[in-house]
*Asks:* 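Next up is a structure, given as structure tokens.
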Amino acid sequence: MKSQKLNRQSSPPRLTLAVISILFLTFLCILTSINEIRFAGLVKLGQNALSNISYNTFYACSITSLPNIDPSSTSPETEIRVLLGILTLPDQYQRRHFLRLIYGTQSLDQGIKVDVKFVFCNLTKEDQKVLVALEIMRYNDIIILNCKENMNKGKTYTYFSSLPEIFNGTGGPNPPYHYVMKADDDTYVRLNSLVESLRPLPRDDLYYGYVIPCGSMDPFVHYMSGMGYLISWDLVEWISTSDIPKNHTEGPEDMIFGNWIREGHRAKNRYNAKWSMYNFPVPATRCTHELWPNTVAVHLLKNQEKWIQTLKYFNVTNNLTQSKLYHIP
Ligand SMILES: *[C@@H]1O[C@H](CO)[C@@H](O)[C@H](O)[C@H]1NC(C)=O
Ligand SMILES: *[C@@H]1O[C@H](CO)[C@@H](O)[C@H](O)[C@H]1NC(C)=O
Ligand SMILES: *[C@@H]1O[C@H](CO)[C@@H](O)[C@H](O)[C@H]1NC(C)=O
Ligand SMILES: *[C@@H]1O[C@H](CO)[C@@H](O)[C@H](O)[C@H]1NC(C)=O
Ligand SMILES: *[C@@H]1O[C@H](CO)[C@@H](O)[C@H](O)[C@H]1NC(C)=O
Ligand SMILES: *[C@@H]1O[C@H](CO)[C@@H](O)[C@H](O)[C@H]1NC(C)=O
């Protein structure tokens, strides 16, 4: 491609232009390879722009070595599989029932699979062995990790690093999920919106979430908030095999997560989901946002009133069918 351009364009100004373009392409390639492209600010251009930029950069680099680009690699796959793990405690029965109601009534668009699972460590009480087993028999939406319940002692590490083995040989597709998310049990995730926001994004080396600190829009600095963040399956596999996360499991879990990614030079693709993810508007802080249609997740739903306000805002009961069996004004 390069030599063709040079032969065709004989007049000196054009030649200069060609040389400049090639230098610029090379520069882009170098930028990519040192993992330091800053998408901040560009994120505001929206998902299309972000994906255009990453595709174009990739294109520019591969074009010199791969003249024939497989057209199927650029056509978007329609099927998306996401695992949404909600980290909670065995005794939180009421919370699980409530969240099942919330997620069980969200109808997913065609081609979307989102498995919502509750994740906790080893059971410790006799009643849990009966009640949790019954829940599993009824709902089959629980993952019990091999760990002791803890705060900041590696539950997040155990979660991500256990998944490749847990889903190994279950006969499903490969990878079992394109993306794995970790979310709080006081976060409301709108599943269709989440998946729509993922469609234009790369399916590998991706770290997606709400950038901390709250004022920052740069996903390449610091880490994603524990309200909910998502990574591609290849990063899940990396966590399960690399020594970097294994050797650093203690400390504030989501911050530690960001350290692994930085130390391991992972996640060249990042997506700052701010302000489609945010804290509930009250009490107002730098991390809050008004409820608005363009929402993937609302966090800090600490009481029933906040949940109700949020569910009402998103019209979740609009599709209730009419019946003589009940009347709801
Ligand atoms: C991204 O690229 C597609 C196809 O080339 C184009 O239709 C779309 O307008 C672009 N989006 C932006 C925001 O540039
Ligand atoms: C969790 O339970 C399993 C089996 O019940 C046991 O083998 C394992 O040692 C326990 N793990 C921890 C960290 O207590
Ligand atoms: C998955 O199972 C195969 C066959 O049993 C085994 O060789 C492989 O190491 C397993 N992989 C993981 C990640 O556990
Ligand atoms: C992790 O710890 C082990 C044992 O302490 C050590 O041998 C290894 O070099 C460490 N790896 C990293 C990446 O820090
Ligand atoms: C909820 O329904 C109302 C009335 O039909 C509509 O005006 C509003 O835009 C809907 N809200 C959302 C978030 O879709
Ligand atoms: C109501 O149902 C329609 C069709 O099934 C669906 O497209 C729409 O998203 C649903 N609305 C809500 C608020 O769940």
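Whatever order the structure lists ligands and atoms in, that order sets their numbers, starting from 1.
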*Asks:* Can we call the ring centroids of Y139 and F118 under 6.0 Å apart?
*Replies:*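 Distance test on ring centres: not under 6.0 Å, no.
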*Asks:* What part of C147, side chain from CB on, backbone N/CA/C/O, both or neither, has a heavy atom under 4.0 Å from ligand 2?
*Replies:*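 Under 4.0 Å from ligand 2, C147 contributes backbone atoms alone.
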*Asks:* May I ask whether atom 1 (C) of ligand 3 is less than 4.0 Å from at least one protein heavy atom?
*Replies:*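 Flag for atom 1 (C) of ligand 3 set to true, protein heavy atom closer than 4.0 Å.
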*Asks:* Between K113 and E79, is the closest basic N to carboxylate O distance under 4.0 Å?
*Replies:*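 No, E79 and K113 are not salt-bridged.
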*Asks:* I212 and M224: which non-hydrogen atoms are nearest, and at how many Å?
*Replies:*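 In terms of heavy atoms, the two residues are closest at CG1-C, 4.3 Å.
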*Asks:* Based purely on interatomic distance, does N315 place a nitrogen or oxygen under 3.5 Å from a nitrogen or oxygen of ligand 5?
*Replies:*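 Yes, N315 has an N/O under 3.5 Å of an N/O on ligand 5.
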*Asks:* Which residue and atom name correspond to the protein heavy atom nearest atom 11 (N) of ligand 2, and how close is it?
*Replies:*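 Going atom by atom, the protein heavy atom closest to atom 11 (N) of ligand 2 ends up being N146 OD1, 2.6 Å.
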*Asks:* Taking the ring of Y208 and the ring of Y179, is the distance between their centroids below 6.0 Å?
*Replies:*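 Centroid separation for Y179 and Y208: 6.0 Å or greater.
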*Asks:* Return the minimal non-hydrogen interatomic distance between V211 and K274, and the atom names on each side.
*Replies:*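 Closest approach of V211 to K274: O-NZ, 2.7 Å.
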*Asks:* Are the aromatic rings of W275 and Y210 close, with centres under 6.0 Å apart?
*Replies:*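 Here the rings of Y210 and W275 have centres that are less than 6.0 Å from each other.
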*Asks:* Distance below 4.0 Å between atom 4 (C) of ligand 5 and any protein heavy atom?
*Replies:*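 False for atom 4 (C) of ligand 5.
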*Asks:* What is the closest protein heavy atom to atom 13 (C) of ligand 5, and at what distance does it sit?
*Replies:*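 Of every protein heavy atom, Y313 O, 3.6 Å lies nearest to atom 13 (C) of ligand 5.
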*Asks:* Please state whether W292 comes within less than 4.0 angstrom of ligand 5, counting heavy atoms only.
*Replies:*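 No; W292 lies far enough from ligand 5 that no heavy-atom distance drops under 4.0 Å.
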*Asks:* Quick one: nearest non-hydrogen protein atom to atom 10 (C) of ligand 3, plus distance?
*Replies:*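 That would be N168 ND2, 2.3 Å.
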*Asks:* Does any donor atom in the side chain of D234 or S232 lie under 3.5 Å from an acceptor atom in the other side chain?
*Replies:*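 There is such a pair (donor and acceptor under 3.5 Å, judged by atom type) between the side chains of D234 and S232.
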*Asks:* Nearest protein heavy atom to atom 6 (C) of ligand 2, by residue and atom, and its distance?
*Replies:*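 The closest one turns out to be N122 ND2, 4.2 Å.
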